[in-house]
Enquirer: 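Dumping the structure here so I can ask a few things about it.
Everything numeric in this text was worked out from a predicted model, so none of it was measured.
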Amino acid sequence: MAADGGFAVAETSIAKIHAAYRAGALTARALVETYLARIEAYDRNGPAINSIVSVNPEALEDAARLDAAFEKEGSVGPLHGIPAIVKDQADVAGMPTTMGSVLFRDHYPGRDCFVAARLRRAGAIFIAKSTLGEMGAGDTHGSLFGSTRNVYDLARTAGGSSGGSGAAVSANLAAVAIGQEGFASIRRPAAWNGIVGMRPTAGLVSRGGVYAGWPMINGSLGPMCRSVADAALLLDVMVGYDPSDPVTARGVGHVPESYAAGLDADGLKDARIGILREPIGFASEPESEDFARVDAVFSRAVRELADCGAELVDPVAIPDLVELLATRVNDRAEEDAAFREYVSGLDNRPFSTRDEAMASPLFAETSRGVRVRWAAQASAEARYAFLAARERLTTNLLAVMADHRLDAIVHKAVEHQPTLIADGVNPPYVDQKGAPWLNTFLVFVPSIVVPAGFTEDGLPAGITFLGRGYDDARMIRYAHAYEQATRHRRPPASTP
């Protein structure tokens, strides 16, 4: 599909869109119309990707206002006229925030979350909210919408919990998307949908106005884009201190002038990269053929890193890695507090507490993932063991990086191919299979996923660059250099 004047939206970028605006070859309204037509053709019909919960009824009006402003004064900001999709866990004024759940079916917060407000001021146009693992839990299945399909194999899941954002941006239903990650919820759908996805170091991006935020600390909003350059431009706008999310106080003083300005196609030259080969994914099966197919892509990617001029330490081993990761538990009291914090600023909140939501007759209609997660309760001893393990593993990781003089560690983005939807919603209820969660276990480290090619089954796989806390700019630079050297991104045939 082409926008007004023949502009091809497929695989376009922020830079190309802005160049077309300046040349008078494209208007924001025409671009939004084209994306909305693609949503109708490919998400609602055709392959029925099912990645969109709701479409913004004011998107065309917003685009027209930006067009008028552009004619008078030029660009209003760095994201002028850039159509964006937001995971339906973050509030956007004028749109519902459903969390993909019947519990929040008619929930209109009437506010922008902190990040949405920043994007809006930068000129972004919110065109839709995307599906997610219901209430932010697991692969993208929800009582309000069903299941989201993988754009490369419609029988498989898009991953989760930010699966809708991953599938939508890969299918070219918008220019960029926003995801949220508390386990592997940006990186897994990014890898499984063949795009770039980043979970920044905790404290850089506010969760104010986002479900599952403060006082929880492991979750973060992050960019999901078809290129590292677009992810960097998006992150430039997203970061900032927000008093409503106190963890962002940790990020003060750690934000460069621009993430995008640091991109360098030769950025991997002489970088010391540790290769982590030890299986660390959730429920991974290292002896399986499925694992082997992803491993083959990873081995090729390691050779490509060397071709880019990186100095490899292959392999590296982090002491007690698997044993310490196994201590992870959820803190029910913290999750309850985060629920209360999110709804506290809402005049029309459907529930005041999570207990109220669980007592609702609608709770029986929620997905299995929600019911299992919300019923779980760890002991105080288990919680203490987890926190102690987090500190120990952080030290172990940093010591390995120091001993080997590493600039980053690279590991598989996901250790398995995308799960069949039928196996996710029926026994054996496979969910999040193969997802490494090292970064969200440690919390204060950055991770970025970049496409690394396709398996023998034609399914995308990726690699993750993980670094020291607040070294996000360096990870972005490395990911960009690898992307530019390999060009593994390939648009899905399901949404031409």
Enquirer: Rounded to the nearest 0.5 Å, what's the gap from CG on L154 to OG on S147? Could you check?
Expert: 12.5 Å

Enquirer: Are side-chain heavy atoms of D245 and F114 found at a separation under 4.5 Å?
Expert: no

Enquirer: Are W374 and T366 close enough that some pair of their side-chain heavy atoms sits under 4.5 Å apart?
Expert: no

Enquirer: In the structure I gave you, are the side-chain heavy atoms of L459 and P418 within less than 4.5 Å of one another anywhere?
Expert: yes

Enquirer: Working to the nearest 0.5 Å, report the span between CG of L325 and CZ of F386.
Expert: 9.5 Å

Enquirer: Can you label the angle between the F183 ring and the F282 ring as parallel, tilted or perpendicular, going by 30° and 60°?
Expert: perpendicular

Enquirer: Say you draw a straight line from CG of D331 to CG of D336; how long is it, rounded to the nearest 0.5 Å?
Expert: 9.0 Å

Enquirer: With side chains defined as the heavy atoms from C-beta onward, is the minimum distance between S162 and P189 less than 4.5 Å?
Expert: yes

Enquirer: Say you draw a straight line from CG of D295 to CD of E289; how long is it, rounded to the nearest 0.5 Å?
Expert: 10.5 Å

Enquirer: Look at the aromatic rings of Y478 and F465 and report parallel, tilted or perpendicular, splitting at 30° and 60°.
Expert: tilted

Enquirer: Using side chain to side chain donor-acceptor pair (under 3.5 Å) as the criterion, point out the one residue from Q89, E134, K87, Q180 that pairs with S161.
Expert: K87

Enquirer: So, are K433 and D139 salt-bridged, with charged N and O less than 4.0 Å apart?
Expert: no

Enquirer: Between R187 and E181, does any NZ, NE, NH1 or NH2 come within less than 4.0 Å of an OD or OE carboxylate oxygen?
Expert: yes

Enquirer: Are the side chains of N193 and V169 in contact, using a 4.5 Å heavy-atom criterion?
Expert: no

Enquirer: Could R354 and F363 be counted as a cation-pi pair, given that NZ or CZ must be under 6.0 Å from the ring centre and within 45° of the axis?
Expert: no

Enquirer: For R250, does the CZ atom sit with more than 12 other heavy atoms under 6.0 Å from it, leaving out its own atoms?
Expert: no

